[in-house]
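I am attaching a structure below and will ask some questions about it afterwards.
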Amino acid sequence: MNKILEDWEQKARDKQKVNKQFLAKLQTRRGKGVEKMLPELHEEAFSKIDCLQCGNCCKTISPRFKGPDIRRISKHLGMKEGEFIDTYLRIDSDEDYVVKFTPCPFLGADNYCSIYEVRPGDCGNYPYTDSYDFFKRPKITYENSTVCPAVYYVLEKLKEKMNL
C-alpha cells in the first residue's frame, strides 16, 4: 500500500487544520494551473483505492437528491415520487433532500449500490477530486478528506507537488 494511505483516517483527522489552511491558500492561486493537476492525481488515487473496499461516503454522508434524481430513482424503484421521498428522504438545514439515515439505504453489505445506474448526480461526481469543485468548496473538501481516502491522497500529493 502507498505510504500516504497507511493510517490515512487518523492522519486526515490530525491534518484537518493544515488541510483547511492549504485549501484556503489554493483559493488565492486560481488560474495558476493548480486545477490542471487534478485529473492526473484523481486517476493516480483511484489506481490505488478501490471504493468497494471502503464505502465510507455511503456509510457516513448523504448526497443531495435533486428533482431529476428523485424522478429517475423513484421511477426505477417503481414508486411514486412522494412515496420515495417519504420513505427515504428528509430535508436538511440547507433545504436539500438527503437520506433520512446513514448508511445509505441503497448500500449493500458488499458496498455495492443497488441503484448505481440511476444514482444521484452527487454520487456520480463524488469525491470531486477531478474537478474545480475540489477548490471551489474548500470546507467540504477538507471534511471529505476524513471520509474518503482519495480526497486525502489528492490533498497530500498536491502539497508535495507544491512543496507545502
Side-chain angles (χ1 to χ4, degrees), residues 1-66 69 90 92-113 115-164:
M1 178 184 280
N2 187 289
K3 193 88 167 145
I4 290 174
L5 293 172
E6 288 178 18
D7 302 318
W8 75 269
E9 290 170 292
Q10 184 60 49
K11 289 180 196 172
R13 283 190 293 276
D14 294 345
K15 294 180 179 184
Q16 211 166 6
K17 183 178 179 183
V18 171
N19 285 339
K20 183 178 183 180
Q21 292 168 341
F22 173 68
L23 286 162
K25 283 181 187 175
L26 291 179
Q27 295 294 308
T28 64
R29 292 178 161 265
R30 285 187 190 159
K32 298 214 177 181
V34 177
E35 70 279 354
K36 292 177 184 167
M37 295 182 208
L38 290 179
E40 182 180 323
L41 290 174
H42 173 87
E43 291 300 320
E44 184 179 318
F46 283 99
S47 73
K48 300 172 184 320
I49 297 163
D50 178 3
C51 291
L52 294 174
Q53 296 298 310
C54 179
N56 284 349
C57 52
C58 302
K59 293 173 185 172
T60 61
I61 57 178
S62 175
R64 292 169 297 176
F65 285 74
K66 297 185 177 181
D69 298 323
R90 66 177 175 82
D92 70 3
S93 60
D94 294 326
E95 302 289 319
D96 291 319
Y97 279 110
V98 296
V99 292
K100 286 183 179 179
F101 306 102
T102 53
C104 178
F106 306 109
L107 180 68
D110 57 1
N111 286 339
Y112 277 88
C113 174
I115 60 166
Y116 187 81
E117 61 276 357
V118 294
R119 69 194 184 279
D122 268 4
C123 296
N125 295 324
Y126 190 85
Y128 304 98
T129 48
D130 61 348
S131 75
Y132 191 69
D133 284 339
F134 190 79
F135 300 122
K136 189 170 96 178
R137 302 183 332 195
K139 182 178 188 272
I140 291 172
T141 297
Y142 87 81
E143 289 173 355
N144 283 342
S145 71
T146 64
V147 173
C148 177
V151 175
Y152 176 75
Y153 183 91
V154 169
L155 277 173
E156 292 304 304
K157 285 295 192 174
L158 275 174
K159 287 189 290 189
E160 275 181 25
K161 287 182 179 283
M162 297 174 72
N163 298 315
L164 297 175

I want to check something: taking the side chain as every heavy atom from C-beta on, are K157 and E40 in contact at a cut-off of under 4.5 Å?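 Sidechains of E40 and K157: no contact.
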What's the spacing between H42 NE2 and S47 OG if we round to 0.5 Å?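 So the NE2 of H42 and the OG of S47 are separated by 10.5 Å.
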With heavy-atom distances below 4.5 Å as the criterion, would you say the side chains of I49 and L5 are in contact?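 They are in contact (side-chain heavy atoms under 4.5 Å apart), so the answer is yes.
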Is atom NZ of K11 surrounded by more than 12 heavy atoms (other residues, nucleotides or ligands) closer than 6.0 Å?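 Yes, because the 6.0 Å sphere around NZ of K11 holds more than 12 heavy atoms from other groups.
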Compare all side-chain heavy atoms of K159 with those of N19 and state whether any distance is below 4.5 angstrom.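 Contact flag for K159/N19 side chains = yes.
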Under 3.5 Å, is there a donor-acceptor pair linking the side chains of R13 and Q16?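 Distance-only check fails for R13 and Q16.
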V151 vs F134 side-chain heavy atoms within contact, under 4.5 Å: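 Side-chain contact under 4.5 Å: yes.
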Rounded to the nearest 0.5 Å, how far apart are SG of C148 and CD1 of I61?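 C148 atom SG to I61 atom CD1 measures 8.5 Å (nearest 0.5 Å).
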Are the side chains of T141 and F135 in contact, using a 4.5 Å heavy-atom criterion?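 SC-SC contact between F135 and T141 ruled out.
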Apply side chain to side chain contact (heavy atoms under 4.5 Å, CB included) to the pair T129 and N144, showing each step before the final yes or no. CA-CA 10 Å; T129 48; N144 283 342; over 6 Å; no
Donor-acceptor pair, S131 side chain versus D133 backbone, under 3.5 Å?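 Yes; at least one donor-acceptor contact below 3.5 Å.
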Neighbour count >12 (heavy atoms, 6.0 Å) for atom OH, Y126: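 Yes, OH of Y126 has more than 12 neighbouring heavy atoms, counting only those of other groups under 6.0 Å.
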For C58 and L107, which heavy atoms make the closest approach, and how far apart are they?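 Closest pair (atom of C58, atom of L107, distance): CB-CD2, 3.7 Å.
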So, does D130 use its side chain to make a donor-acceptor pair with the main chain of L38 at under 3.5 Å?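 Not confirmed, D130 side chain does not pair with L38 backbone.
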For side chain to side chain contact (heavy atoms under 4.5 Å, CB included), just list the numbers for D110 and L52, CA-CA rounded to whole Å, side-chain angles, deciding distance to a tenth of an Å, and then say yes or no. CA-CA 7 Å; D110 57 1; L52 294 174; over 6 Å; no
What closest approach, in Å, do C54 and N111 show between heavy atoms, and which atom pair accounts for it?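 Residues C54 and N111, closest heavy atoms: O-ND2, 3.5 Å.
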Evaluation steps, side chain to side chain contact (heavy atoms under 4.5 Å, CB included), between K15 and F22: CA-CA 10 Å; K15 294 180 179 184; F22 173 68; over 6 Å; no
Close side-chain approach of K59 to T102, heavy-atom, < 4.5 Å: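 No; the side chains remain at least 4.5 Å from each other.
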As a test of understanding, state which of R137, K66, R64 forms a salt bridge (Lys or Arg N to Asp or Glu O under 4.0 Å) with D122.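 Testing each of R137, K66, R64 against D122, the sole residue satisfying salt bridge (Lys or Arg N to Asp or Glu O under 4.0 Å) is R64.
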Measuring from atom NZ of K36 to atom OH of Y132, what distance do you get when rounded to the nearest 0.5 angstrom?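 These two atoms lie 12.5 Å from each other.
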Under 3.5 Å: donor-acceptor pair, side chain of D92, backbone of E95: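 Yes, because the side chain of D92 sits within donor-acceptor range (under 3.5 Å) of the backbone of E95.
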Return the minimal non-hydrogen interatomic distance between I115 and P120, and the atom names on each side.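 Taking I115 first and P120 second, the nearest heavy atoms are CD1-CD, 4.4 Å.
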Whether the side chain of T146 engages the backbone of A12 through a donor-acceptor N/O pair (distance < 3.5 Å, no angle test) should be reported.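 Side chain of T146 to backbone of A12: no pair is present.
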For N56 and V147, indicate whether the former's side chain and the latter's backbone hold a donor-acceptor pair under 3.5 Å.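 Side chain of N56 to backbone of V147, a donor-acceptor pair under 3.5 Å: yes, one is there.
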Given the rule in the side chain to side chain contact (heavy atoms under 4.5 Å, CB included) test, do E160 and I4 qualify, once you have shown the distances and angles that lead to the verdict? CA-CA 11 Å; E160 275 181 25; I4 290 174; 3.6 Å; yes
Are P63 and C123 packed together at the side-chain level, in the sense that at least one heavy-atom pair is separated by less than 4.5 angstrom?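 In contact.
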Using side-chain heavy atoms (C-beta onward) and a distance below 4.5 Å, is C51 in contact with F46?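 Contact flag for C51/F46 side chains = yes.
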Donor-acceptor side-chain pairing of E9 and Y152 below 3.5 angstrom: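 Result is no, nothing qualifies.
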CZ-CZ distance between R90 and F65, expressed to the nearest 0.5 angstrom: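 Here the interatomic distance stands at 11.5 Å.
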